[in-house]
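Inspection log for the structure reproduced underneath, given as structure tokens.
Lettering of chains follows the sequences in order, A, B, ..., and the numbering in each one begins at 1.
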Amino acid sequence: MNRDLEGLIADAYSGVESSLGRLMSLLENDESSVLPVLAGVPQRPGRSGKACRIGITGPPGSGKSTLIDRLIGVIRAQGLTVGVLCVDPSSPLTGGAVLGDRIRMERHYGDAGVFIRSMASRGSLGGVSRAVGAAVDLLDACGKDVVIVETVGVGQEGIEVTKLVDVTVLVLAPGWGDNLQSMKAGILEVADVVVINKADLGTGDLATVITEILALGQGKKKPLVVETQALNDVGIEELYGALERLREKRAASQDRAGGSRLLNNDGRDVVFRQPPS
Amino acid sequence: MGAPIRVLIAKPGLDGHDRGAITLAMGLRDEGMEVIYTGVRQSVDNIVRTCSQEDVDVLGLSLLSGGHNYYFPKILDLLKQNGLDHILVLAGGIIPDEDRQALKDKGIAEIFGPGSSISEIADFIRSHVKGGRP
Ligand SMILES: Nc1nc2c(ncn2[C@@H]2O[C@H](COP(=O)(O)OP(=O)(O)OP(=O)(O)O)[C@@H](O)[C@H]2O)c(=O)[nH]1
Ligand SMILES: [Mg+2]
């Protein structure tokens, strides 16, 4: 079993997508027997820890997948490769799911520099499934320059994805102002960037509410607020530029990006390994 | 309790109607499966590549506009070339009786016509997915 697994890892490292796909399933299905082997992945010499990790969260329908589609365009134009993990909710009743995010990224299906994997949340709360942390490490170890995670639409729940990524983007859309006010306090503060998407529909209510909420949290780190129109490809380069700058700052200050993410013993969460001092 | 069966529903060819494909996707979700839907007018290469990335157990091909004798064998060949011939391949849509056996001989596991019920398809999948999930 373990030798098979090591073969799969070697193949995935050399670019065999079906092996990478299978490893992701093993992470989802068979934690207890594969994690000991995959534990080596976050330390692949010369490679691990290099990817820029971006988390995209926000309420259902705010435009997360469309925004990712556009970000992929910008990233690929720079000659960088990208891995995308899209998490959609599992039905609590049947355990089934329709995983439909990738359809928004269909113009990249034929691009060898883009790997897209859909995952169901499988009962995890917090917007990502349990395997996502390890899957991010795997994409990083496979040499993806950028790894993007789309969470299930976030409402009241905390956003676990922030623990897995270097920068977190909260995508909101006009009409969400009222909901935002009733969301758990702090939802804005956990984001590094708040995107007001669908700005073509007018940003009035939402921009006002965001400004008000941020004004209340005095002294706390304030997220950058960026307007986009994902559908019309407006504001995307600016957004990516902001993400890159944030990430560089993080790396320089050894904040988060300096250490790599390891699965903890039960494989259910990630912990941050402190960068060697 | 095994892991959910993963199904890719893909529409090769030129027709742009996906009502049937979406109904099937939702039906199989309600049967407890994880269903990936990729949109209409997919190329053979992209369908097979999605099978790799998503590591599906089942590929459901839906085609209304004819062209099954062209697309289906190409897809089956490319799956094999990529070491993905463990995937159970099903076809749906309108396929003339005289073509059915040839397609099955090439590796289509079953063909479900317009009158098929979701539970019939789901039962077929459950009893034919090889070896279960890891
Ligand atoms: N008007 C307008 N519509 C947009 C924009 N961006 C996305 N949309 C539309 O919003 C709808 C939802 O977009 P998605 O990208 O699927 O949103 P999502 O947040 O990924 O949705 P879930 O994954 O279901 O939570 C689609 O119909 C998009 O075309 C935009 O900038 N302007
Ligand atoms: Mg989405």
Taking every non-hydrogen atom, the tightest pair across Gly79(A) and Asp145(A) = O-OD2, 4.5 Å
inquiry  = On the six-membered ring of Tyr13(A), is Arg44(A) placed so that its NZ or CZ lies under 6.0 angstrom from the centre and within 45° of the ring axis?
reply    = yes
message = If I measure from the heavy atoms of chain B, does Leu20(A) come under 4.5 Å with its side chain, its backbone, both, or neither?
response = neither
message = Whether the side chain of Asp140(A) engages the backbone of Pro42(A) through a donor-acceptor N/O pair (distance < 3.5 Å, no angle test) should be reported.
response = no
note = Contact list (residues 18-38 of chain B to chain A, heavy-atom gap under 4.5 Å, by number) returns Ala25(B), Met26(B), Arg29(B), Asp30(B), Gly32(B), Met33(B), Glu34(B), Val35(B), Ile36(B), Tyr37(B), Thr38(B)
remark   = Rounded to the nearest 0.5 angstrom, the CG-CG distance for Asp55(B) and Leu84(B) is 8.5 Å
task = Dump the intermediate steps for side-chain hydrogen bond (donor to acceptor under 3.5 Å, both in side chains) on Ser18(A) and Ser52(B), then the final yes or no.
result = CA-CA 4 Å; Ser18(A) 57; Ser52(B) 292; 4.7 Å; no
task = Look at the side chain of Arg47(A) and the backbone N and O of Lys144(A), then say whether any donor-acceptor pair between them is shorter than 3.5 Å.
result = yes
key: Val48(B) versus chain A, the contacting section by heavy-atom distance below 4.5 Å   = neither
ask   = Are the side chain of Arg117(A) and the backbone of Gly21(A) linked by a donor-acceptor contact shorter than 3.5 Å?
value = yes
query = Highest number of heavy-atom pairs under 4.5 Å with chain B: which of Gly100(A), Ser91(A), Ala112(A)?
reply = Ala112(A)
inquiry  = Counting only non-hydrogen atoms closer than 4.5 Å, does Asn82(B) touch chain A with its backbone (N, CA, C, O), its side chain (CB onward), both, or neither?
reply    = backbone
query = With no hydrogens and no angle check, is any side-chain donor or acceptor of Ser121(A) less than 3.5 Å from a backbone partner on Ser90(A)?
reply = yes
key: Proximity breakdown for Arg104(A) and chain B, heavy-atom pairs closer than 4.5 Å   = neither
task = Give a yes or no on this: more than 12 heavy atoms of other residues, nucleotides or ligands lie within 6.0 Å of atom NZ of Lys80(B).
result = no
task = Side chain from CB out, backbone as N, CA, C, O: work out which of these in Val84(A) comes under 4.5 Å of a heavy atom of chain B, or both, or neither.
result = neither
ask   = Among Met105(A), Arg122(A), Met119(A), Glu106(A), who wins on heavy-atom pairs under 4.5 Å with chain B?
value = Arg122(A)
